[in-house]
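Encoded as structure tokens, the structure appears first; notes follow it.
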Amino acid sequence: MSGPRLNPHQAEAVNHIDGPLLIFAGAGSGKTRVITHRIQYMLSKGIASSCIVAVSFTNKSAREMKHRLQKMVGSKALRGMVLSTFHALGNRILQKEIRILGYRDPFSILDSDDGLQLYASIYRDLKLDPDQVKEDSMPFMVSLCKNSNMHHEDWANSRSLPVSANFFCDVFERYHASLKSLNAVDFDDLILLPSRIFKEHPEVLEKYRRRFRYFMIDEFQDTNPTQYELLLSLVGDEKNLCVVGDDDQSIYGWRGADVGIIQNFQTDFPQAKIVRLEHNYRSSSRILSAANAVIANNSKRVQKILRATGEEGEQLSLIMAEDEEQEAMVVADIIQNRIIHAAQNPGDFAILYRTNFQSRAFEQELRKLQIPHHVVGGYKFFDRKEVKDLLAYLRVIANRSDEISLLRILNRPRRGIGEGSVQKIGAFLQNMAEEADASGMRRPDFFHALERIGSTPGLIQGIPAKQVSAIYEFVEFIEKYKKEFSRARKLAPVLSTMIQELNWEHEFMREGSDENAVRARMLNLSELTNMLAFFESNWEDSTPPGLFDFLARISLQASDEDDDNPRGRVQLLTLHLSKGLEFPTVFLTGMMEGIFPGERSISESENPEAALEEERRLCYVGITRAMKKLFLTASRTRRRFGETEEKEPSRFLDEIPEELLDREDHSVSQMAERKKDEMEEWLTDLRNNLKVSI
DNA sequence: TGCCACGCTGTTTTT
DNA sequence: CAGCGTGGCA
Ligand SMILES: Nc1ncnc2c1ncn2[C@@H]1O[C@H](COP(=O)(O)OP(=O)(O)OP(=O)(O)O)[C@@H](O)[C@H]1O
């Protein structure tokens, strides 16, 4: 077979397609290459693409895998293959099968913000302060629980929680009842519910087992027990399961990933073939030595060999700056220099950091020097209010039981249905619900109440005729666009008309934004329309996409238009998102205690030792992204909430052997030091001279 | 209903 | 510090 080489161990793994297979190896040893070649090999053996499932953990790495494969076999050969994240796979199954659990068809996927709202309303029902939700870290715990594949009562009783086990279970149950009544699921349900369906309805599972025959999981060290359960049920007795991973790169323990799953794979599958890859093909030997030295400080590791194959390469550079702004300036300068003088492309650089907000300074400086760049993930487009509002419209149109979205848009743009009216409608709904319960009918939801009130003027006193007609018009509006969207051949033009009809522009002006802001916000709305158009034109399925498909795509954060030309831009991303990727030149930034390792990840962990080791693995991941050149940068101070804080250099820097490092200090205090040194030198010279002359 | 001013809050990491 | 939301006032 043509294409790039494989070493004998890789080839062995590629050719082993039946039965369980574990590829256990360090960073940059060609694990992902095995997966892509294995798929290529399977296709060449006549295995249908629709039988193959290749799963990864982040959208970025799933996309990367897809790109590599497209280059090898072309897009056409990949048709029907599942090449996605676990969550996207779960969503795909749920989309077809969720009815069996008593949900209605287009369900909503709640994002974490909506989830918070839901908890808040539960707390209000319990006569508790809704602000307490976050303090109790309820969403986080519930998620952790759902990722553990344990019954929630057992889970709650098996650990110490910030709240009592009873209270946790109460909220847990109410939360899920609410979700169900909204006809909505949360992220974890995308994994959990398919698993439940398979357990309760073997005939459905059978269908999927016949369809999916070969499984490959990249970054398997980050699997959580619930995902593993889903995987095990799908894999069935054929056990054509290939998992690939590296315990040293397990960085999602905090959200329930269990590295024990990969460590015990051999126990679960005694007949598994094990392949170890011991050559690193990615990084220069200096970079690899640094990585190995850092990770050697961890205690809980599985023995593993990783030898360099590349050149010794440049020294690593350690750069100290005064503050984050200067840190960013130095980085941007270096990039500019290397683009101009070393003929490197912007896309050859990655700037990695621990937390999203750190991207800000770098964005600013790169913009100043007009260096094309792209921030991966982070808070952005979909968090904007106007975008959320518009999406809420689409959600209600797709799933009118989505009360959270409904309440969001009921009075946006303003139609005179304020808080007071909502209360009254709520009370009315309560009555309707009791009647329905008494007569054994389906429980009405908020939208039903609106329909009733809107079509029967005078039904409730206290809601004046003007508001009744506003409610009527709102209901009509939703129904009209529901029809339009389901009838239209293309969705994007409908959305465009809808935006116009809602007259957002007027609303934005009323909200007091100046002309530029209004234009920017309108632009965001049309950007969403563009995304929808793009989404439609890239749709590969035979049945055309519906609103639901678009919404699901957005919820999964998997929109793929943001990587339109990643090659031409400097990539800014968190260390977590960098896993599985590689770049010729990498900047590991913010290397200060408190930032990295992150203060809270350790202080808020129930096992600080383990948390620190996870941070260190994150550092190992960061270092091993670099192929040719690694810069480590830090600053002496950092502004936080307007205050300047002093920061110590990260302990991870001390773990890198000194002889691999070139140090460069740009900080003011260092400059001052140097000046002082020079002054003293000058003084002693002067004294000596004086002595001589005397 | 509309405008401004004050004051509060925010920084893990992802799907 | 900055961005947002609330609330007071006209
Ligand atoms: N046999 C080989 N010969 C030469 N280069 C190889 C070989 N196998 C892989 N590579 C190259 O090495 C680099 C790392 O490979 P790959 O991304 O598959 O590693 P990985 O083990 O998945 O890394 P990570 O654990 O960091 O995700 C890639 O640039 C790949 O093209």
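FYI, side chains are in, hydrogens and waters are out, and symmetry mates aren't considered; it's all heavy atoms of this structure. Residue numbers start from 1 in every chain, and the chains themselves are labelled A, B, ... in the order their sequence lines are given, proteins ahead of strands.
- Atom CG in D111(A) sits roughly 15 Å away from atom P in dT14(B) (whole-Å rounding).
- When only modelled atom types and interatomic distance are considered, Y123(A) and D131(A) share no side-chain donor-acceptor pair under 3.5 Å.
- Residue-nucleotide stacking is present for W254(A) and dT13(B), judged by a side-chain ring centre under 5.5 Å from the six-membered base ring centre and planes under 30° apart.
- Atom CD of E599(A) is separated from atom P of dT11(B) by 15 Å (rounded to the nearest Å).
- Here dT14(B) presents its P atom at 8 Å from CZ of R354(A), a figure rounded to the nearest Å.
- Between K60(A) and H576(A), the side chains place no donor N or O within less than 3.5 Å of an acceptor N or O (distance only, hydrogens not considered).
- Side chain of R639(A), nearest nucleotide from dT15(B), dC1(C), dT11(B): dC1(C).
- A donor-acceptor contact closer than 3.5 angstrom is absent between the side chains of Q221(A) and D246(A).
- Atom P of dG5(C) sits at a distance of 14 Å from the matching atom of dT11(B), rounded to the whole Å.
- Closest to the N356(A) side chain, of the nucleotides dT13(B), dT11(B), dT15(B), is dT13(B).
- In this structure, K134(A) and L577(A) both approach DNA chain B, and ranking their closest nucleotides by distance from the 5' end singles out K134(A).
- An OP1 or OP2 oxygen of dT14(B) is reached within less than 4.0 angstrom by a side-chain nitrogen or oxygen of T574(A).
- Base engagement by E604(A) is indicated by at least one non-hydrogen atom pair under 4.0 Å involving a base atom.
- Not counting sequence neighbours, the partners of F86(A) by the ring pair (Phe, Tyr, Trp, His ring centres under 6.0 Å) test are F57(A).
- We find that CZ of R384(A) is positioned 12 Å from P of dG5(C), with the value rounded to whole Å.
- Look at E655(A) and R616(A) and you find a salt bridge, because one of the NZ, NE, NH1 or NH2 atoms lies within 4.0 Å of a carboxylate O, short of that distance.
- Nucleotide dG5(C) holds its P atom 10 Å from the CZ atom of R408(A), rounded to whole Å.
- In this structure, CD of E219(A) is placed 14 Å from P of dT14(B), rounded to the nearest angstrom.
- No engagement by F86(A) is indicated, since no non-hydrogen atom pair under 4.0 Å with the nucleic acid exists.
- Separating the CZ atom of R638(A) from the P atom of dG10(B) is a distance of 18 Å, rounded to the nearest angstrom.
- Atom pair Q221(A):CD and dT14(B):C1' shows a separation of 15 Å (rounding to whole Å applied).
- Candidate nucleotides dG3(C), dT11(B), dT15(B) were compared by shortest atom distance to the side chain of N59(A), and dT15(B) ranks first.
- Using a 4.0 Å heavy-atom cutoff across all strands shown, T85(A) reaches sugar-phosphate atoms only and no base atom.
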